[in-house]
Amino acid sequence: MLDLKLVRNSPDVVRHALINRNMSTELIDSLLEYDKAWREYLAEGDELKHKRNVVTREIAKLKKENKDTLSKIEEMQGINSRIKEIDDLIRDYKSKIHEIMLRIPNIPSSTTPIGKDENDNPVVRVVGEPRKFTFTPQPHWDIGEALDILDFEKGAKIAGQGFTVYKGMGAKLERALVNFMLDVHSRQGYLEVFPPVLINEKAMTGTGQLPKFKEDMYLCTDGYYLAPTAEVPVTNLYMDEYIEKLPVFLTAYTACFRREAGKHGQDTRGIIRQHQFNKVELVKFVKPETSYEELEKLTLDAEEILKLLNLPYRVVNLCTGDLGFSAAKTYDIEVWVPTQEKYREISSCSNFENFQARRANIRFRTPEGPQFVHTLNGSGLAVGRTVVAILENYQREDGSVEIPEVLRPYLGGEKEIRKEDLT
RNA sequence: GCCCAGGUAGUCUAGCGGUAAGGCGACGGUCUCGAAAACCGUUUCUUCUUUGGGAGAGCGCAGGUUCAAAUCCUGCCCUGGGCGCCA
């Protein structure tokens, strides 16, 4: 959420931000109108309440002295009915204002390039070189099925389209990656946490998933949402709190759940886009003046996983048209997928500045008073997509897949995945 | 799911119809060569402002009763304890 005072005092800054995000600015006009009306009624209401407080004290005093209070009480009854009217109006305007404020996206950082869509995202760096195959590389879904480590039919049978069962070395590889990532991030100084993935509405609003993206979320019958990313439970660990010791670095593995509404027809084969997937997340709470430096470091911490796995990747700086709702700046890390001859998103590292902190009310103390922290997060990494990258980049002509060296200790020293490894 | 006991400012606690009290912590000031102690002040949100400050809100959340609600009433949420059920 933005600072209402910023919208009030510099509406053009907000309008420009919306325009750069390819969004309409109409909301701002009605917001300013409601804000004006709200403050007018607030002033009138406060004046009447001041009077009520004064008279109420007089009545208390008169009663103590056993004097007549009837005329005062009658006077108050008139004031009270007007206060009630005004309070209703104030509440109404305030909720309208709040409703709009929750739907205004963050203002992009000055280092976020202006652009229309993903084609305008500048490449920041390219690391590693795509392997040159001496044979025709197979897509991961074919490799997975041939090795009997990915079972799409069984996933569809027990759940539906967009769910996959991992078997044997596939299941072990997924688990190994989770442990490997958590270990690396722990070494980098992040505290490991393991949070719930059923989340209440308040927390979902705190990080910005609600109210705007409700249709992308799974809602359980008793009002809980399934976490679409560990960002939600982990960032909200400090909801409504003061953080006494900054910075705080956390890492968490969770399952993530997304309805992928409106994404039908994209990545229908394989495990790139699933309704349920695993992710290891990095979350930082920092002082405002360090947040951009911390974003660089966080991105490098996520990249470290790809470097250790020896997977080629690149980093792009998302332009205003491609930037997420809550983010001020985002680096996407994209891993090379040989059969698509493309880099595909495997991590998204963002600085939200105080956008989430204001929504979730996460503050720290300064001599000048309480201040909102800056929050950051990034995937370190999406596990399923890492499996895709390993299967495709490490495949051999005979259909087996080499296991990256750093993962072997996590897989009992195994060096490869072959058909007969299945048990 | 049922029965108790609770939820008060950053934290701990008092108040149980009449301006939310006190301890601790943090920050600022006085004192000091410096520090500690002591003493004084501040501590959340909103709004107005002539920048000194004024006003309003705020006692888990939402309503209600009342001239007046932390206090009384209703519903809900959360925490602790007991009972039941249960992997």
Side-chain angles (χ1 to χ4, degrees), chain A residues 1-10 31-102 194-206 210-211 219-225 233 236-246 248 255 285 287 354-373:
Chain A
M1 194 155 59
L2 300 179
D3 185 352
L4 178 57
K5 284 175 203 152
L6 174 77
V7 190
R8 184 185 297 154
N9 299 329
S10 324
L31 180 73
L32 291 172
E33 196 184 305
Y34 296 147
D35 180 54
K36 190 160 175 278
W38 172 61
R39 284 184 296 152
E40 276 168 14
Y41 285 117
L42 203 60
E44 190 184 343
D46 281 358
E47 208 173 302
L48 289 171
K49 283 175 188 171
H50 177 52
K51 181 147 195 209
R52 177 172 69 185
N53 288 340
V54 170
V55 176
T56 284
R57 270 169 247 160
E58 280 170 17
I59 291 172
K61 206 174 153 211
L62 290 173
K63 282 233 167 169
K64 225 176 228 170
E65 294 164 1
N66 274 319
K67 289 184 184 159
D68 180 50
T69 57
L70 200 63
S71 64
K72 294 275 181 198
I73 289 176
E74 273 170 2
E75 184 193 348
M76 286 307 298
Q77 279 161 343
I79 292 178
N80 271 338
S81 66
R82 179 62 184 154
I83 287 178
K84 209 162 236 177
E85 279 172 37
I86 291 178
D87 269 351
D88 284 345
L89 287 164
I90 289 171
R91 197 174 334 169
D92 203 44
Y93 279 116
K94 203 178 174 189
S95 86
K96 277 177 175 160
I97 289 165
H98 192 64
E99 199 52 33
I100 294 175
M101 287 302 288
L102 285 177
F194 188 58
V197 293
L198 262 68
I199 309 292
N200 63 36
E201 190 178 322
K202 193 176 173 198
M204 291 287 280
T205 306
L210 292 180
L219 174 58
C220 304
T221 50
D222 45 4
Y224 292 111
Y225 289 85
N236 284 294
L237 289 177
Y238 289 96
M239 174 167 64
D240 291 322
E241 284 188 27
Y242 285 95
I243 300 182
E244 302 298 344
K245 267 186 90 179
L246 286 172
V248 174
F285 303 84
K287 290 187 180 172
N354 64 21
F355 188 85
Q356 293 181 324
R358 181 174 280 109
R359 285 175 163 245
N361 194 29
I362 305 170
R363 297 177 291 175
F364 70 107
R365 294 174 188 287
T366 72
E368 293 75 42
Q371 222 186 317
F372 292 111
V373 303

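Naming: A, B, ... by sequence-line order, numbering from 1 per chain.
Only the P atoms considered, U11(B) is 13 Å distant from G60(B), to the nearest whole Å. If you take atom P in A26(B) and the same atom in A62(B), they sit 33 Å apart, rounded to whole Å. Taking the P atoms as reference points, A21(B) lies 15 Å from C59(B), given to the whole Å. Taking atom P in both G6(B) and G10(B), one finds a spacing of 24 Å when rounded to whole Å. A20(B) and U30(B) have their P atoms separated by 33 Å, given to the nearest Å. Nucleotides C12(B) and G80(B) place their P atoms 14 Å apart, quoted to the nearest Å. Taking atom C1' in both G41(B) and U8(B), one finds a spacing of 23 Å when rounded to whole Å. If you take atom P in A36(B) and the same atom in C27(B), they sit 10 Å apart, rounded to whole Å.
Of all nucleotides present, only G64(B) satisfies the Watson-Crick or G-U wobble test against C72(B), with each distance under 3.5 Å. Pairing for G84(B) is absent, judged as Watson-Crick or G-U wobble with the two contacts each under 3.5 Å. When Watson-Crick and G-U wobble pairs are counted only if both distances are under 3.5 Å, A55(B) pairs with U46(B). Across the strands present, U79(B) finds its partner in A5(B); the criterion is a Watson-Crick or G-U wobble pair with both atom distances under 3.5 angstrom. In this structure G17(B) sits in no base pair that meets the Watson-Crick or G-U test at under 3.5 Å. Base-pair partner of G41(B): C27(B) (Watson-Crick or G-U wobble, both distances under 3.5 Å). With both pairing distances under 3.5 Å, G34(B) is matched to nothing as a Watson-Crick or G-U wobble pair.
Considering all non-hydrogen atoms of both residues, Asn236(A) and Ala360(A) come closest at OD1-CB, 3.6 Å.
Closest-nucleotide positions on RNA chain B for Asp3(A) and Asp46(A) were compared, and the one nearer the 5' end corresponds to Asp3(A). Between Asp35(A) and Thr366(A), it is Thr366(A) whose nearest contact on RNA chain B lies nearer the 5' terminus.
Salt-bridge check for Arg39(A) with Asp35(A): passed, with a basic side-chain N closer than 4.0 Å to an acidic carboxylate O.
OP1 or OP2 of U65(B) has at least one side-chain nitrogen or oxygen of Lys84(A) nearer than 4.0 Å. Proximity of Asn53(A) to the phosphate of A57(B): a side-chain N or O atom is located under 4.0 Å from OP1 or OP2. The side chain of Arg91(A) contributes no N or O atom lying less than 4.0 Å from OP1 or OP2 of A62(B). Considering only side-chain N and O atoms, His50(A) lies nowhere under 4.0 angstrom from the phosphate OP1 or OP2 of A55(B). Regarding contacts with the backbone of C45(B), every side-chain N or O of Arg358(A) stays at 4.0 angstrom or more from both OP1 and OP2. OP1 or OP2 of A68(B) sits under 4.0 Å from a side-chain N or O of Asn80(A).
Counting to the nearest Å, the P atom of U46(B) and the CG atom of Asn361(A) are 10 Å from each other. What separates CD1 of Ile59(A) from C1' of G17(B) is a distance of 14 Å, to the nearest Å. For the pair Glu44(A) CD and C48(B) P, the computed distance is 15 Å after rounding to whole Å. Rounded to an integer number of Å, the gap from NZ of Lys245(A) to C1' of G10(B) is 17 Å. Separating the OH atom of Tyr224(A) from the C1' atom of C78(B) is a distance of 10 Å, rounded to the nearest angstrom. As rounded to whole Å, 18 Å separates atom P of U42(B) from atom CD of Glu368(A). One can place CG of Asp87(A) at 9 Å from P of G58(B), the figure rounded to the nearest angstrom. The distance from atom CZ of Phe364(A) to atom C1' of G10(B) is 15 Å, rounded to the nearest whole Å.
Open room surrounds NZ on Lys94(A); 12 or fewer heavy atoms of other groups in view lie less than 6.0 Å from it.
Taking only side-chain atoms of Lys5(A), from C-beta outward, the nucleotide of U47(B), C45(B), G18(B) with the closest atom is U47(B). The side chain of Gln77(A) sits closest to C67(B) out of A55(B), C67(B), G10(B). Nearest to the side-chain atoms of Tyr242(A) among the listed nucleotides U44(B), U19(B), A68(B) stands U44(B). Of the candidate nucleotides A68(B), G56(B), U47(B), G56(B) has the atom nearest to the side chain of Lys49(A). Distance from the side chain of Arg365(A) is smallest to G10(B) among G63(B), G10(B), C48(B). Here the side chain of Arg52(A) is nearest to one of G18(B), A68(B), U47(B), namely A68(B).
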Checklist entry - What do the steps show when you test Met101(A) against Leu2(A) for side chain to side chain contact (heavy atoms under 4.5 Å, CB included), and what is the final call? => result CA-CA 7 Å; Met101(A) 287 302 288; Leu2(A) 300 179; 4.1 Å; yes

Checklist entry - Step by step, would you call Met76(A) with Glu58(A) a side chain to side chain contact (heavy atoms under 4.5 Å, CB included)? => result CA-CA 11 Å; Met76(A) 286 307 298; Glu58(A) 280 170 17; over 6 Å; no

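Put simply, CZ on Arg8(A) and CG on Asp3(A) are 8.5 Å apart, with the number rounded to the nearest 0.5 Å. Between Arg363(A) atom CZ and Leu246(A) atom CG the span is 13.0 Å, to the nearest 0.5 Å.
With its glycosidic angle more than 90° from 0, G25(B) is assigned anti.
Lys61(A) comes within 4.0 angstrom of nothing in the nucleic acid, heavy atoms only.
Between Tyr41(A) and Tyr93(A), the angle of the ring planes stays under 30°, which puts this pair in the parallel group of the 30/60° scheme.
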